[in-house]
A.B. asks: 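What follows is a structure written as structure tokens; I'll ask about it next.
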Amino acid sequence: MKIIYSREDLLALEDPFEYEVGLPIRIRELPASVIEEESPDSREQLDRLLKDGYTLVIQKPRIPNPPIFAELPVIAENTIMKLYTYEANHCEDALWEALSENEYDRHWAYFLLKKVEGVRFELPYTQPSQHTLSISHLNANQLVYLQFETYQSVSCQWE
């Protein structure tokens, strides 16, 4: 099943950011569209998006640090969290296992972005009241969040 929300649909909601309930992050700008759909094979979809040039962005606590993260670029960090990027043609098994094992850990967040350059990331715990990764400056970008266990995906697009 596929549900598509236009910007007008989102604005008509009592809370236009209600779609964020399914996302592990906070978004500062309302997207032009949001698509929720079933994804029968999350691993296959992740590999396809990586091949299509998307970048996997991963937020996790500084420790513990599985060996796969030692090789990944860090794009932001604070005393509690690190934000990594992963660019490849497929997802390595060790990374897939780490993401799958921590899918419901509230300190972990992962999603794919078409363009990382220019996006502003605010890590959790940077400010006392902030407990969720927040992103902004998403002009002409696409974000995809895959829910591995429930085989769902949420895609947001900005113009």
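This chain uses plain numbering: 1 for the first residue, then up along the sequence. Remember, it's a predicted structure, so these values are computed and weren't measured experimentally.
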A.B. asks: Tell me, yes or no, whether the heavy-atom count around Leu11 atom CG, taken from other residues, nucleotides or ligands under 6.0 Å, exceeds 12.
C.D. replies: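 Yes, CG of Leu11 has more than 12 neighbouring heavy atoms, counting only those of other groups under 6.0 Å.
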A.B. asks: Let me see the working for Gln152 and Glu37 under side chain to side chain contact (heavy atoms under 4.5 Å, CB included), right down to the final yes or no.
C.D. replies: CA-CA 6 Å; Gln152 300 288 317; Glu37 61 186 321; over 6 Å; no
A.B. asks: Just so I know, are the side chains of Val116 and Phe121 near enough to count as touching, which here means a heavy-atom distance under 4.5 Å?
C.D. replies: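 Yes - at least one pair of side-chain heavy atoms lies under 4.5 Å apart.
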A.B. asks: Calculate, to the nearest 0.5 Å, the distance between atoms CD and CG belonging to Glu8 and Leu13 respectively.
C.D. replies: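 Spacing of CD (Glu8) from CG (Leu13) equals 12.0 Å.
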A.B. asks: Which heavy-atom pair separates Leu72 from Thr85 by the least distance, and what is that distance?
C.D. replies: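 Scanning both residues, the minimum pair turns out to be CB-O, 3.8 Å.
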A.B. asks: Do you know the tightest heavy-atom contact between Leu133 and Phe111?
C.D. replies: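 Smallest interatomic distance, heavy atoms only, reads CD2-CE2, 3.6 Å.
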A.B. asks: Do Trp158 and Asn139 have side chains that approach each other closer than 4.5 Å (heavy atoms only, starting at C-beta)?
C.D. replies: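 When only atoms from C-beta onward are counted, Asn139 and Trp158 do not touch, as no gap falls below 4.5 Å.
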A.B. asks: Look at Glu36 together with Lys2 and state whether they make a salt bridge at an N to O cut-off of under 4.0 Å.
C.D. replies: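 Lys2 and Glu36: not salt-bridged.
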A.B. asks: Compile the donor-acceptor pairs under 3.5 Å between side chains in residues 46-53 and protein atoms, sequence neighbours left out, one pair per line.
C.D. replies:
residue, atom, partner, partner atom, Å
Asp47, OD1, Cys91, N, 2.7

A.B. asks: Carefully, step by step, assess Ser134 and Arg28 under the rule side chain to side chain contact (heavy atoms under 4.5 Å, CB included).
C.D. replies: CA-CA 7 Å; Ser134 180; Arg28 300 278 184 201; 2.9 Å; yes
A.B. asks: Between Leu123 and Val74, is there a shared hydrophobic cluster once you connect ILVMFWY residues whose side-chain heavy atoms come closer than 4.5 Å?
C.D. replies: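 Shared cluster, yes.
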A.B. asks: Go through the side-chain N and O atoms of Ser100 and Glu103 and say whether any donor and acceptor fall under 3.5 Å apart.
C.D. replies: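 Checked: Ser100/Glu103 side chains show no N/O donor-acceptor pair below 3.5 Å.
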A.B. asks: Do Leu10 and Pro31 make a side-chain contact, defined as non-hydrogen atoms from C-beta onward lying under 4.5 Å apart?
C.D. replies: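 SC-SC contact between Leu10 and Pro31 confirmed.
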A.B. asks: Do any N or O atoms from the side chain of Asp9 and from the backbone of Ser6 form a donor-acceptor pair under 3.5 angstrom?
C.D. replies: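 Side chain of Asp9 to backbone of Ser6, a donor-acceptor pair under 3.5 Å: yes, one is there.
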A.B. asks: For a 4.5 angstrom cut-off between non-hydrogen side-chain atoms, does Leu143 reach Ile25?
C.D. replies: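 Leu143 vs Ile25: side chains touch.
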A.B. asks: Would you indicate whether the side-chain heavy atoms of Val57 and Val119 approach each other to under 4.5 Å?
C.D. replies: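 SC-SC contact between Val119 and Val57 ruled out.
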A.B. asks: Would you compute the distance between atom CG of Leu146 and atom CD of Glu44 and round it to the nearest 0.5 angstrom?
C.D. replies: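 One finds 12.0 Å between CG of Leu146 and CD of Glu44.
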A.B. asks: Is there a chain of hydrophobic side chains (I, L, V, M, F, W, Y, each step under 4.5 Å between heavy atoms) that links Ile35 to Ile3?
C.D. replies: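 Looking at the clustering, Ile3 is in a separate group from Ile35.
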A.B. asks: Hey, quick one: are Ile68 and Ile75 part of the same hydrophobic cluster, counting side-chain heavy atoms closer than 4.5 Å, chains of contacts allowed?
C.D. replies: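 Yes: a chain of side-chain contacts under 4.5 Å links Ile68 to Ile75.
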A.B. asks: Using side-chain heavy atoms (C-beta onward) and a distance below 4.5 Å, is Ser42 in contact with Tyr151?
C.D. replies: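 Touching, per the 4.5 Å side-chain cut-off.
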A.B. asks: Which pair of heavy atoms, one from Leu30 and one from Arg7, lies closest together, and at what distance?
C.D. replies: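 Answer, listing the atom of Leu30 first, then Arg7: O-NH1, 2.8 Å.
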A.B. asks: Would you sort out whether Leu113 and Asn141 count as a side chain to side chain contact (heavy atoms under 4.5 Å, CB included), showing the intermediate values?
C.D. replies: CA-CA 7 Å; Leu113 280 175; Asn141 211 337; 4.2 Å; yes
A.B. asks: Centre of Tyr84's six-membered ring, under 6.0 Å away, within 45 degrees of the axis: is that where NZ or CZ of Lys60 sits?
C.D. replies: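 No cation-pi geometry.
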A.B. asks: For Gln142, check side chain to side chain contact (heavy atoms under 4.5 Å, CB included) against everything at least two apart and list the hits.
C.D. replies: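 Gln142 satisfies side chain to side chain contact (heavy atoms under 4.5 Å, CB included) with Tyr54, Lys114, Gln157 only.
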A.B. asks: Do Ile80 and Phe69 land in one hydrophobic cluster if side-chain heavy atoms of ILVMFWY residues count as linked below 4.5 Å?
C.D. replies: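 Looking at the clustering, Phe69 is in the same group as Ile80.
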A.B. asks: Write down the atom of Trp108, the atom of Ala98, and the distance for their closest heavy-atom approach.
C.D. replies: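 Looking at all heavy atoms of both residues, the closest pair is CZ3-O, 4.1 Å.
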A.B. asks: Name all pairs fulfilling the ring pair (Phe, Tyr, Trp, His ring centres under 6.0 Å) condition that reach into residues 86-107, sequence neighbours left out, sorted by first residue then second.
C.D. replies: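 Only Trp96-Phe148 qualify under ring pair (Phe, Tyr, Trp, His ring centres under 6.0 Å).
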A.B. asks: Above 12 or not: heavy atoms from other molecules or residues under 6.0 Å from CD of Glu77?
C.D. replies: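 Yes, enclosed.
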A.B. asks: How long is the gap from CG on Asn102 to CD1 on Ile58, to the nearest 0.5 Å?
C.D. replies: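 Output value for this atom pair is 10.5 Å.
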A.B. asks: Run the side chain to side chain contact (heavy atoms under 4.5 Å, CB included) check on Asp93 and Arg43 step by step: do they pass?
C.D. replies: CA-CA 10 Å; Asp93 291 340; Arg43 176 82 183 256; 2.7 Å; yes
A.B. asks: For the atom pair SG (Cys156) and CD (Glu29), what is the distance rounded to the nearest 0.5 Å?
C.D. replies: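 Atom-to-atom, Cys156:SG and Glu29:CD are 11.5 Å apart.
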A.B. asks: Would you say Lys82 and Asn65 are linked by a side-chain donor-acceptor pair, where the criterion is simply a distance under 3.5 Å?
C.D. replies: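 Short answer, no.
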A.B. asks: What's the separation between atom CD1 in Ile27 and atom OG1 in Thr132, rounded to the nearest 0.5 Å?
C.D. replies: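 Result: 12.0 Å between the selected atoms.
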A.B. asks: Distance from Arg120 atom CZ to His137 atom NE2, nearest 0.5 Å?
C.D. replies: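 Arg120 atom CZ to His137 atom NE2 measures 6.5 Å (nearest 0.5 Å).
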